[in-house]
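Have a look at the structure below, then the notes.
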Number of protein chains: 2
Amino acid sequence: MKTYDYLLSYGVKPSVQRIAIMDYLLEHRTHPSIEEIYLALCDDIPTLSKTTVYNTLKLFVEHGAAQMLTIDERNVNYDGDVSLHAHFLCKKCNKIYDLPAAHEEDRMEQFNMNGFAVQEIHQYYKGICPMCAASKEELS
Amino acid sequence: MKTYDYLLSYGVKPSVQRIAIMDYLLEHRTHPSIEEIYLALCDDIPTLSKTTVYNTLKLFVEHGAAQMLTIDERNVNYDGDVSLHAHFLCKKCNKIYDLPAAHEEDRMEQFNMNGFAVQEIHQYYKGICPMCAASKEELS
DNA sequence: AAAGAAATTGTAATAGTTACAAATTTAAAA
DNA sequence: TTTTAAATTTGTAACTATTACAATTTCTTT
């Protein structure tokens, strides 16, 4: 599907900037920060403003076209994959990896029964990623 | 156990400021922010610096005496309860609630087998808490 | 009591984010 | 079409959270 129609399917009116940002999110599964997106798109859209990147991602999240990750305390990251999956933040290289999600159906039912209306599930793990663990061994 | 000895048990050298901050964390299970802790303790310790609150909580986290929550993108929160449990952030009142944790043993084993050395587990849920849900109904 | 180490403090700097008004672009109406 | 209105984008300034760092104070050891 074209990104134009993809945005429409989430009720987001397409524009040059919005398409470019959504494209970046869908093609780069690096869970980019605002800064990363802004710097990457500055080449193609020289007039791009960082405020637009902020506004657009806020809009995407509101419409369910992207999700905001708060796994890294230093800045917020965004994910174009809105399906339920877990995230792993490497404390060494600061990269964020995707991991399969734990099943939450039973828990959701229980939480909802207790009056907590869950709208978002975040499964975050932090530690050392395989690549950094390997490079650590080399040094020893 | 006295907070003095509690800190020692985590390898943290006690001080007036450290004891006061740890006490606040243990007695107020509200998952306070730096700001909340600072304002609360200013009365008792008029000379308290916000930098000290930052330094101290960083120290606590390094020694495993507290955990840092990144559930709220607006600021970091701290929890004196370092046992594994889930957190729920109400999008309306912004309060953070404790919820029972999902069992993670099998997943940890799997992640570790894949080379991801997990050091921290965060189970975050966001939505509307029971109190806010109730007050919403009143208005309708 | 003096010297050295550790902890605390205050200020200034930095970084991430938001507010907002002006400018531009897009859509709708005449 | 032209005109008008609405929506979007932009740039700047403001704001908030956090960190850096040097100076001061407090605690330890001799």
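Below, read A as the first sequence line, B as the second, and so on, with proteins coming before strands; counting in each chain starts at 1.
Aromatic ring centres of His122(A) and His122(B): separated by at least 6.0 Å. Aromatic pair Tyr125(A)/Phe111(B): centroids less than 6.0 angstrom apart.
Backbone-only engagement by Thr47(A) is indicated by non-hydrogen atom pairs under 4.0 Å involving sugar-phosphate atoms exclusively. If you check every strand for non-hydrogen atoms under 4.0 Å, Ser15(A) touches sugar and phosphate atoms only.
Under 4.0 angstrom from either OP1 or OP2 of dT10(D) there lies at least one side-chain N or O belonging to Gln17(A). For the OP1/OP2 pair of dT19(D) and a distance below 4.0 Å, the side-chain nitrogens and oxygens of Tyr54(B) include no atom meeting the criterion. Here Thr51(A) does not reach the OP1 or OP2 of dG11(D): none of its side-chain N or O atoms lies under 4.0 Å away. Listed pair Arg74(A) / dT19(D) fails the phosphate criterion, with no side-chain N or O lying under 4.0 Å from OP1 or OP2.
Leu48(B) has its CG atom 14 Å from the C1' atom of dT25(D), to the nearest Å. The nearest whole Å value for the distance from the CG atom in Leu57(B) to the P atom in dT19(D) is 11 Å. Atom CG of Asn55(B) is separated from atom C1' of dT18(D) by 11 Å (rounded to the nearest Å). Atom CG of Leu69(B) and atom P of dA17(D) are 17 Å apart (whole Å). Distance, Glu36(A) CD to dA15(C) C1': 17 Å, rounded to whole Å. One interatomic measurement links the two molecules: NZ of Lys50(B) to P of dT9(C), which rounds to 14 Å at whole-angstrom precision. If you measure from atom CD1 of Ile45(B) to atom P of dG10(C), you get 12 Å, rounded to the nearest angstrom. The separation between Leu59(B) atom CG and dT19(D) atom P is 14 Å, rounded to whole Å.
Comparing Asn75(B) and Lys58(B) against DNA chain D, the residue whose closest nucleotide sits nearer the 5' end is Asn75(B). Nucleotides of DNA chain C nearest to Lys13(B) and Val76(A) differ in position, and the one nearer the 5' end is that of Lys13(B).
Out of dT10(D), dT17(C), dT18(D), the shortest distance to the side chain of Ile34(A) is found at dT17(C).
Using modelled atom types, one finds no donor on one side chain facing an acceptor on the other under 3.5 Å when comparing His31(B) with Asp72(B). Side chains of Tyr24(B) and Glu36(B): a donor on one and an acceptor on the other come within 3.5 Å.
No continuous path of ILVMFWY side-chain contacts below 4.5 Å connects Val76(B) to Val76(A), so the two sit in separate hydrophobic clusters.
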